[in-house]
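Heads up: the structure comes next, in structure tokens.
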Amino acid sequence: MGQQNLVKHRNIGIMAHIDAGKTTVTERILFLSSKIHRTGEVHEGSATMDFLEEERERGITIQSAATTVEWKDHTINIIDTPGHVDFTAEVERSLRVLDGAVAVFDAVSGVEAQSETVWRQANRYGVPRICFINKMDRAGADYFKAIQSIVDRLSARPITLQLPVGEEKDFRGFIDLVNQRFYEFDEASDGKAASEKDIPADMLEEVELRRHELVETAAEFDEELLDLFVEDQKIPLDLLKRAIRLGTLSMEITPVLCGSALKDKGVRFLLDAVLDYLPSPLDIPPVQGLRPREDTVETRKPSNDEPMCLMAFKTVAESTGDLTFVRVYSGVLSKGVRVLNPRTGKNERIGRIVRMHANKREACDSVGAGEIAAVMGLKNTITGDTLCDENAPIALSKITFPEAVIAMSIEPAKNQDRDKLTEVIGRMMREDPTFRAVTNEETGDLVISGMGELHLEVVVNRIKNEYGCEVVTGRPKVAYKQELSNSKSLEIRYVRQSGGRGQYAVISVRFDIVDTGEEQFEFVSEIKGGSVPREYIPAVSAGIKEGVLGGGRLGYPFVNVRASLFDGKAHDVDSNEHAFHAAGVQAFREVIQGNSTLLEPIMKIEVRVPEEYLGGVVGDLNSRRGEVSEVEALGDQRIVRGLVPIAEMFAYSSALRGATQGRGSYSMELQEYRAVPRNIAEKVLGEDS
């Protein structure tokens with residue numbers, strides 16, 4: 001793809017809280033762009049982008065799905081992302097490689113819990129976005145209240161481009177404040193068509209006020225527009241659009257539009273806004289990475305003439321080999337070429353290249369800079385890996401994923417399926433970076449962990465239904481962690497003599513409690529004068545790390561550990577890497593004796609209930625060791641926000657349904673880890689001993 005074509009290229013994601021209408025918006029985009037000829041519905045299990053059996057049965061998006069559409073001589077790559085927090089990894093890896101996003105909000109509920117999460121993710125990756133206030137025809141829809149919730153809860157600066165005409169069931173169109181025209185939806189065509197009219201006389205005053213606010217805000221981003229605005233001159237349409245675009249790309253403002261995707265209202269204007277205000281690959285700063293083993297900064301511009309550089313952001317494990325989704329940042333990726341994976345230091349050969357439309361594929365020979373495609377046949381590439389030209393190596397920053405919060409044991413119902421289960425779980429771990437499986441060294445049990453009950457429930461159902469492997473699971477358990485209670489220094493002597501060469505290692509290590517961020521463990525060498533030979537220091541680090549991840553007797557991994565090796569001794573004959581590794585393991589084993597604190601995941605919770613059930617819901621949360629921080633009124637609904645340990649929240653969905661006659665809903669996401677109260681910790685330790 002040439003530079004000229006890249007101007008007419010968009011890579012966008014559709015993101016929102018569960019049930020705000022993301023997949024329905026995507027479905028209408030596919031229909032309007034003639035990608036499909038009949039719209040499917042999420043509630044009927046027939047949406048194009050929800051193609052997994054689990055998605056169709058549950059009516060929710062579980063996996064992000066990619067497609068490409070053509071609109072007004074532009075090419076738009078779209079990724080429809082999940083809204084449930086248990087599948088937030090799909091949003092994380094999609095936003096990492098996208099240039100822009102459409103944030104969908106329910107006009108009744110405004111900003112909801114997962115809306116905040118995906119908004120923070122987009123901020124972290126510097127993704128400009130526009131907002132679509134959906135479901136404007138629902139009872140209780142309030143456009144300006146929804147916009148105010150974007151200000152209050154997301155600390156964003158929305159800029160209103162459209163003014164709805166009519167509300168709830170009488171929603172019939174909108175005023176376009178940019179070109180000052182009224183667009184009325186044609187009800188006979190289910191809203192697909194809209195006739196352009198003069199602004200109704202009774203709205204002229206409000207439109208003038210809102211238009212003035214729009215131009216005043218946009219003028220901050222364009223000197224020419226500012227001069228015209230100050231002099232009260234006529235504002236050219238292209239100049240106003242340019243200013244709004246500049247403000248959007250700088251992420252200082254967020255354009256807001258309205259509609260009802262289910263009724264096909266407003267989606268074509270949303271597509272126009274994607275072209276007008278969201279970035280092309282040329283609007284994104286050149287991607288930066290490090291040159292492997294040298295740690296010097298390298299940059300790649302979105303040009304076919306640059307050395308090839310791409311990121312693998314999603315893997316689908318198939319029986320014929322992995323299908324790897326890639327974003328090409330520079331150069332041209334062609335079928336049959338060899339690429340370098342800086343993480344492994346090995347080359348891979350590109351097999352088939354395909355463009356995706358949900359679960360359908362279209363083969364192609366090459367893809368250029370700025371494009372998204374999928375590659376078949378990669379053997380050692382995982383999510384977050386960079387692939388590049390071996391003569392111009394670069395490693396892009398990795399994608400970070402949240403920690404698992406619950407775990408359960410799993411075993412095959414039939415002993416002969418043990419190998420099959422191991423293979424299936426290996427596949428699923430390649431696909432989903434937040435799904436983990438380890439064997440408990442003490443019991444020999446296979447333990448799987450994930451982001452929540454729904455996450456593991458979906459995984460288990462897929463193992464049974466997609467792969468035909470019947471399994472038996474234990475009850476869900478909390479994915480606890482541990483931390484050192486106190487800093488401590490100790491000397492370890494690992495000396496073994498049994499005839500012939502012995503084993504000799506002496507190390508002095510100081511263990512401290514520090515915030516290590518995303519890493520659980522930090523190792524520092526303070527050795528001076530070679531008291532521990534340089535070649536043995538990595539073995540000490542590896543031994544301590546083994547203990548940190550192993551979690552001692554309880555098996556819960558440790559976090560926030562810094563180990564500083566400050567002294568030691570070696571023997572000319574009997575010292576070796578094995579001895580120093582064993583000394584590291586022993587050092588950690590000894591430092592945790594009577595010196596560990598159990599940590600539990602604390603979840604941020606948002607519960608929505610009718611007012612009459614508020615007291616019971618708050619009382620129930622308090623009884624679950626919850627801390628209610630805020631109760632907000634939204635019509636006859638009450639939104640309860642607070643923190644609660646996940647240990648107290650198993651099977652909460654059925655408890656909430658029972659307490660609210662099925663009218664309550666909730667969402668949770670990990671907020672932090674905290675020390676478990678002593679009485680609870682004793683109970684947990686008693687169960688695990």
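Salt bridge annotation for E612-R638: absent, with no cationic side-chain nitrogen under 4.0 angstrom from a carboxylate oxygen. A salt bridge does not link K379 to D322: none of the charged nitrogens lies less than 4.0 Å from a carboxylate oxygen. The pair D99-R327 meets the salt-bridge criterion, since a charged nitrogen lies less than 4.0 angstrom from a carboxylate oxygen. Between E423 and R427 there is a salt bridge, since a side-chain N of the basic residue sits under 4.0 Å from a carboxylate O of the acidic one. A salt bridge is absent between E362 and R352; no separation between the charged side-chain nitrogens and carboxylate oxygens falls under 4.0 Å. Salt bridge status for K22 with D80: absent, with no side-chain N to carboxylate O gap under 4.0 Å. With respect to R562 and E522, a salt bridge is recorded, a charged nitrogen being found less than 4.0 Å from a carboxylate O.
V617 is listed as a side-chain neighbour of T660, based on a closest heavy-atom distance under 4.5 Å. Two residues are said to be in side-chain contact when any heavy atoms from C-beta on lie closer than 4.5 Å; P610 and Q637 meet this criterion. For the pair K135/V108, no side-chain contact is recorded, criterion being any heavy-atom separation below 4.5 Å from C-beta on.
With 3.5 Å as the limit, one finds a donor-acceptor pair spanning the side chains of R129 and N123. With 3.5 Å as the limit, one finds no donor-acceptor pair spanning the side chains of S115 and R153.
A cation-pi arrangement, defined by a distance under 6.0 Å to the six-membered ring centre and an angle within 45 degrees of its axis, is absent between K481 and Y556.
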task: Under the side-chain contact (heavy atoms from CB on, under 4.5 Å) rule, what do V127 and Q121 come out as? Steps first, then yes or no, please.
output: CA-CA 9 Å; V127 178; Q121 290 170 311; over 6 Å; no

Candidate pair N415 and R418, rule side chain to side chain donor-acceptor pair (under 3.5 Å), full reasoning: CA-CA 6 Å; N415 205 42; R418 196 165 294 278; 3.1 Å; yes

Evaluation steps, salt bridge (Lys or Arg N to Asp or Glu O under 4.0 Å), between E600 and K683: CA-CA 13 Å; E600 64 179 341; K683 185 179 173 187; over 6 Å; no

task: Give the C-alpha distance, both sets of side-chain angles, the deciding distance and a yes or no for salt bridge (Lys or Arg N to Asp or Glu O under 4.0 Å) between E632 and R641.
output: CA-CA 8 Å; E632 180 188 337; R641 300 190 183 98; 2.9 Å; yes

message: Could you walk me through whether T381 and R343 satisfy the side chain to side chain donor-acceptor pair (under 3.5 Å) test, starting with their C-alpha distance in whole Å, then the side-chain angles of each, then the deciding distance to 0.1 Å, before giving a yes or no?
response: CA-CA 9 Å; T381 298; R343 179 182 63 84; over 6 Å; no

- request: Could you walk me through whether T117 and E669 pass side chain to side chain donor-acceptor pair (under 3.5 Å), step by step?
  value: CA-CA 8 Å; T117 305; E669 68 169 313; 2.6 Å; yes

task: Dump the intermediate steps for side chain to side chain donor-acceptor pair (under 3.5 Å) on R93 and T383, then the final yes or no.
output: CA-CA 8 Å; R93 58 183 169 193; T383 296; 3.2 Å; yes

message: With side-chain contact (heavy atoms from CB on, under 4.5 Å) as the criterion, how do V25 and R28 come out once you've worked through the C-alpha distance, each side chain's angles and the decisive distance to 0.1 Å?
response: CA-CA 5 Å; V25 167; R28 295 315 184 263; 6.0 Å; no

- request: Would you check, one step at a time, whether the test side-chain contact (heavy atoms from CB on, under 4.5 Å) holds for S667 with H17?
  value: CA-CA 10 Å; S667 63; H17 184 88; 3.8 Å; yes

task: Output, in order, the C-alpha distance, side-chain angles, deciding distance and verdict of salt bridge (Lys or Arg N to Asp or Glu O under 4.0 Å) for D385 and K398.
output: CA-CA 7 Å; D385 278 355; K398 295 177 182 175; over 6 Å; no

- prompt: Please walk me through it: do K346 and E348 pass salt bridge (Lys or Arg N to Asp or Glu O under 4.0 Å)?
  reply: CA-CA 7 Å; K346 296 178 180 176; E348 294 239 40; over 6 Å; no

field: Stepwise side-chain contact (heavy atoms from CB on, under 4.5 Å) check, V316 with F325
entry: CA-CA 8 Å; V316 178; F325 288 72; 3.9 Å; yes

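Counting non-hydrogen atoms of neighbouring residues, nucleotides and ligands closer than 6.0 angstrom, the CZ atom of R120 exceeds 12 such neighbours. Heavy atoms from other residues, nucleotides or ligands lying under 6.0 Å from CD of E630 number more than 12. By the neighbour-count criterion of 12 heavy atoms within 6.0 Å, atom CZ of R589 is sparsely surrounded, having that number or fewer from other residues, nucleotides or ligands.
Between atom OG of residue S149 and atom CG of residue L154 there is a gap of 7.0 Å, rounded to the nearest 0.5 Å. F650 CZ to I406 CD1: the interatomic distance, rounded to the nearest 0.5 Å, is 5.0 Å. To the nearest 0.5 angstrom, L656 atom CG is 8.5 Å from M649 atom CE. Summarising the geometry, atom CG belonging to N77 is positioned 5.0 Å from atom CD1 belonging to I372; distances are rounded to the nearest 0.5 Å. Atom CG of L323 is separated from atom CD of E431 by 9.5 Å, given to the nearest 0.5 angstrom. A distance of 4.5 Å separates CD of E116 from NZ of K604, quoted to the nearest 0.5 Å.
Remark: aromatic rings of Y480 and Y673 are distant, center separation not under 6.0 Å.
Of all the heavy atoms in T81 and M15, the pair that sits closest is OG1-CA, 3.6 Å. The minimum heavy-atom distance linking T386 with L396 is given by the pair OG1-N, 2.9 Å. Nearest heavy atoms, I463 versus M428: CG1-SD, 3.6 Å. The heavy-atom pair separating P601 from V478 by the smallest distance is CD-CG1, 3.3 Å. Shortest non-hydrogen contact noted between S109 and R608 is CB-NH1, 3.3 Å.
Among T597, N595, N560, the one residue that satisfies the side chain to side chain donor-acceptor pair (under 3.5 Å) test with E483 is N560.
Between F105 and W119, the ring planes lie tilted relative to each other; the angle falls in the 30° to 60° range.
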